[in-house]
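Residue indices begin at 1 and follow the sequence shown. Note that the structure is a prediction, hence the values are computed from the model and not measured. When reading the values below, keep in mind they use all heavy atoms of this one structure, side chains included, and skip hydrogens, waters and symmetry mates.
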Amino acid sequence: MTDGFEVPGATATGLLPAVVARVTGLADRLGAPHDEVFDVRRLSAASGVPEVVVRSLLNGRPAGEPDLQARFLQRLDLLRRTRLKPGGRRYTQQEIADGAGMSRQQAGALINGDRRPTMEHCDAIQRFFRVHAGFLTAEDPEALAGALQHTEQELLQRLADREREAALAAAHDPLERLLQDHGVRGIAWRAAQLPTDQHRDKVAEWLDMLLESVKRPES
């Protein structure tokens with residue numbers, strides 16, 4: 001523990017490249033633009049990491065790590081700018097104090113950097129702004145990895161939805177059903193590994209016979 005904060009583990013930095021790689025692979029499978037999936041402004045708002053740092057971390061460059069007090073002030077400022085009241089205005093110090101169960105003087109001192117927060121302060125403010133535990137304290141790579149894991153889940157859902165739609169379409173299309181049931185695509189891939197054109201021609205002839213045996217319904 002350091003000044004009321006729990007220092008995150010060193011594994012956070014190593015987690016980020018793996019998450020970036022997985023998200024990149026999913027985006028490529030879905031044909032989703034990388035600038036949409038890795039939208040810097042959205043990831044900054046979700047993680048609390050400044051946009052310039054998000055950009056550096058995504059490019060694999062170290063961006064320096066602010067001390068705990070600076071990180072807290074940085075993230076709290078972002079919350080106040082991005083998590084607004086229904087009317088679009090910022091929460092006042094008094095509203096934050098009331099919602100977090102502290103005095104206005106305490107809230108003001110924390111917001112202005114005149115007082116170092118404890119974990120209890122952080123937990124109360126995170127609950128008030130409805131953000132996840134650790135939002136105000138996680139190291140930048142860890143925070144960004146967490147935001148990207150949400151993106152990963154969204155992409156996995158999109159991929160599952162697409163595959164479900166393809167399966168439904170195949171159920172109503174005899175040719176697609178043939179491709180699914182007989183594993184023709186897999187057989188064709190294996191055929192490409194055969195040593196001679198003669199071998200591949202035999203596989204092609206067999207495929208032609210299968211495909212001709214099923215006629216696609218006319219539009």
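With rounding to the nearest 0.5 Å, the separation of CD1 in Ile96 from CD1 in Ile111 is 4.0 Å. The structure places CZ of Arg116 at 9.0 Å from CG of Leu73, a figure rounded to the nearest 0.5 Å. Rounding to the nearest 0.5 Å gives a distance of 12.0 Å between CG of Leu68 and CG of Leu136. The line from OG of Ser47 to CG of Leu148 is 8.0 Å long, rounded to the nearest 0.5 Å. Atom CZ of Arg162 sits about 9.5 Å away from atom CD of Glu165, to the nearest 0.5 Å.
Judged purely by atom type and a 3.5 angstrom limit, Thr24 uses its side chain to pair as donor or acceptor with the backbone of Val20. For the pair Arg80 (side chain) and Tyr91 (backbone), a donor-acceptor distance under 3.5 Å is present. When atom types are taken as modelled, the side chain of Gln74 and the backbone of Pro50 share no donor-acceptor pair closer than 3.5 angstrom. The closest donor-acceptor contact from the side chain of His121 to the backbone of Thr118 lies under 3.5 Å. A distance-only check finds a donor-acceptor pair linking the side chain of Arg71 to the backbone of Thr137 [under 3.5 Å]. Within the 3.5 Å criterion, the main-chain N or O of Gln69 finds a donor-acceptor partner in the side chain of Asp67.
Nearest heavy atoms, Val131 versus Leu79: CG1-CD2, 3.7 Å. Nearest approach of Leu84 to Gly88, heavy atoms of both residues: CD1-O, 3.4 Å. Taking all atoms of both residues into account, the shortest heavy-atom contact from Val37 to Ala27 is CG2-CB, 3.9 Å. Of all heavy-atom pairs spanning Gln126 and Phe135, the tightest one is OE1-N, 3.2 Å. Taking every heavy atom of both residues into account, Leu144 and Val49 meet most closely at N-CG2, 4.3 Å. Nearest heavy atoms, Ala32 versus Arg158: CB-NH2, 4.0 Å.
Partners of Arg42 by salt bridge (charged side-chain N to carboxylate O under 4.0 Å, His left out), not counting sequence neighbours: none found. Annotation: salt bridge (charged side-chain N to carboxylate O under 4.0 Å, His left out) contacts of Arg164 (sequence neighbours excluded): Asp161. Applying the salt bridge (charged side-chain N to carboxylate O under 4.0 Å, His left out) rule to Arg130 yields no partners; only residues at least two apart in sequence or on another chain are considered. For Gln153, the side-chain contact (heavy atoms from CB on, under 4.5 Å) partners two or more places apart in sequence, or in a different chain, are Leu156. Contacts of Asp35 classified as salt bridge (charged side-chain N to carboxylate O under 4.0 Å, His left out), with partners at least two apart in sequence or in another chain: none.
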Checklist line | Intermediate values then yes/no, side chain to side chain contact (heavy atoms under 4.5 Å, CB included), Phe128 and Asp98 | finding: CA-CA 9 Å; Phe128 173 74; Asp98 292 342; over 6 Å; no
Item checked: Pair Glu120-Asp123, side chain to side chain contact (heavy atoms under 4.5 Å, CB included): steps then yes or no -> CA-CA 5 Å; Glu120 289 73 21; Asp123 290 342; 5.7 Å; no
Check: Is there a side chain to side chain contact (heavy atoms under 4.5 Å, CB included) between Arg104 and Thr92 once you walk through the steps?
Finding: CA-CA 10 Å; Arg104 186 183 184 284; Thr92 66; over 6 Å; no
Check: For Leu43 and Thr151, what are the C-alpha separation, side-chain angles and deciding distance, and is it a side chain to side chain contact (heavy atoms under 4.5 Å, CB included)?
Finding: CA-CA 9 Å; Leu43 289 173; Thr151 300; 4.2 Å; yes
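Counting heavy-atom neighbours within 6.0 Å of Arg29 CZ, excluding the residue itself, gives a total of 12 or less.
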Using a 3.5 Å cut-off and no angle test, enumerate the donor-acceptor pairs between side-chain atoms of residues 53-64 and protein atoms at least two apart in sequence or in another chain.
unit_1, atom_1, unit_2, atom_2, d
Ser56, OG, Val52, O, 3.2
Asn59, ND2, Arg55, O, 3.1

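The shortest distance between side-chain heavy atoms of Arg41 and Thr82 does not fall below 4.5 Å.
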